[in-house]
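Before any comments, here is the structure.
Positions are given from 1 along the sequence. Since the structure is predicted, the reported quantities are computational estimates derived from the model, not experimental observations.
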Amino acid sequence: MKNMKYQLAPDIDLQPMASQLLVLDLRQNTYFALNETARFFVESLTQGKCFEEIIEAAWETFDIQDQAQLKIDFEALLAELIETGIIVRI
């Protein structure tokens with residue numbers, strides 16, 4: 001799961017808004033906003049980066065003290081994005 005590549009599912013659109021990212025699910029007519037680090041994660045996934053690359057880049061980019069917690073948080077986000085059908089494995 002961590003070395004796999006992902007892409008947005010069909011009918012999902014991303015709209016940047018200040019430091020957040022709006023995720024629009026056109027199938028269900030719903031949307032939600034991601035904070036800056038979650039935005040970084042989703043945008044990196046959709047650019048073809050694997051999980052471990054994203055963890056390393058986020059740790060270097062943001063002022064995050066606990067890399068282990070960052071991994072846990074991103075694992076949970078990845079699981080939720082897959083479960084809700086926002087992203088799919090390629």
Side-chain angles (χ1 to χ4, degrees):
M1 182 162 124
K2 294 179 185 168
N3 290 323
M4 300 185 84
K5 303 279 181 165
Y6 299 88
Q7 67 183 21
L8 286 177
D11 297 323
I12 300 296
D13 191 29
L14 303 178
Q15 293 295 319
M17 187 172 146
S19 64
Q20 294 184 331
L21 182 67
L22 293 180
V23 178
L24 309 168
D25 185 341
L26 304 174
R27 300 166 299 188
Q28 299 179 24
N29 292 323
T30 60
Y31 71 94
F32 58 94
L34 300 176
N35 67 21
E36 189 174 9
T37 52
R39 175 185 180 165
F40 181 88
F41 181 76
V42 169
E43 288 178 338
S44 296
L45 275 180
T46 61
Q47 292 168 359
K49 296 180 182 164
C50 71
F51 186 84
E52 294 300 328
E53 291 174 311
I54 298 168
I55 293 293
E56 192 63 35
W59 191 55
E60 293 172 0
T61 302
F62 298 100
D63 186 23
I64 298 170
Q65 303 299 316
D66 188 349
Q67 190 175 19
Q69 185 61 51
L70 175 66
K71 259 183 148 167
I72 291 167
D73 292 346
F74 277 0
E75 285 171 345
L77 177 58
L78 178 59
E80 184 176 349
L81 292 169
I82 292 169
E83 182 180 315
T84 58
I86 301 297
I87 61 167
V88 293
R89 294 180 186 112
I90 54 174

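- Grouping the Ile, Leu, Val, Met, Phe, Trp and Tyr side chains by contacts below 4.5 angstrom, directly or via other members, places I82 with M4.
- Side-chain atoms of E53 come within 3.5 Å of backbone N or O of C50 as a donor-acceptor pair.
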- request: Would you check, one step at a time, whether the test side chain to side chain contact (heavy atoms under 4.5 Å, CB included) holds for V23 with L14?
  value: CA-CA 5 Å; V23 178; L14 303 178; 3.8 Å; yes
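- Hydrophobic cluster membership differs between L22 and F32, with clusters built from Ile, Leu, Val, Met, Phe, Trp and Tyr side chains linked at under 4.5 angstrom.
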Side-chain atoms of residues 41-49: list all donor-acceptor pairs with protein atoms under 3.5 Å, sequence neighbours left out, distances to 0.1 Å.
unit_1: E43; atom_1: OE2; unit_2: R39; atom_2: NE; d: 3.0
unit_1: S44; atom_1: OG; unit_2: F40; atom_2: O; d: 2.8
unit_1: T46; atom_1: OG1; unit_2: V42; atom_2: O; d: 3.2
unit_1: T46; atom_1: OG1; unit_2: E43; atom_2: O; d: 3.0

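- Taking the side chain as every heavy atom from C-beta outward, D11 and Q28 never approach each other to under 4.5 Å.
- Side chains of L78 and I87 form a contact here, defined as non-hydrogen atoms less than 4.5 Å apart.
- Residues that satisfy the ring pair (Phe, Tyr, Trp, His ring centres under 6.0 Å) test with Y31, not counting sequence neighbours, are absent from this structure.
- Note: the hydrophobic cluster containing L24 does not contain L21 (ILVMFWY, side chain heavy atoms under 4.5 Å, direct or indirect links).
- Nearest heavy atom pair, residue A58 against residue L70, reads CB-CD2, 4.1 Å.
- The shortest non-hydrogen separation linking R27 to A9 is NH1-CB, 4.5 Å.
- Counting non-hydrogen atoms of other residues, nucleotides and ligands closer than 6.0 Å to CD of Q69 gives a total above 12.
- Both F62 and L77 are part of a single hydrophobic cluster, where members link through side-chain heavy atoms under 4.5 Å apart.
- Under the 4.5 Å side-chain heavy-atom criterion for Ile, Leu, Val, Met, Phe, Trp and Tyr, L81 and I72 are members of distinct hydrophobic clusters.
- For Y6 against R89, the heavy-atom pair with the smallest separation is CE2-CG, 3.3 Å.
- F51 contributes atom CZ, which lies 4.5 Å from atom CD of E75 (distance to the nearest 0.5 angstrom).
- Applying the side-chain contact (heavy atoms from CB on, under 4.5 Å) test to Q67 and every residue at least two apart in sequence or in another chain returns I55, E56, W59.
- Looking at heavy atoms from C-beta onward, Q15 lies out of side-chain contact with Q20 at the 4.5 angstrom threshold.
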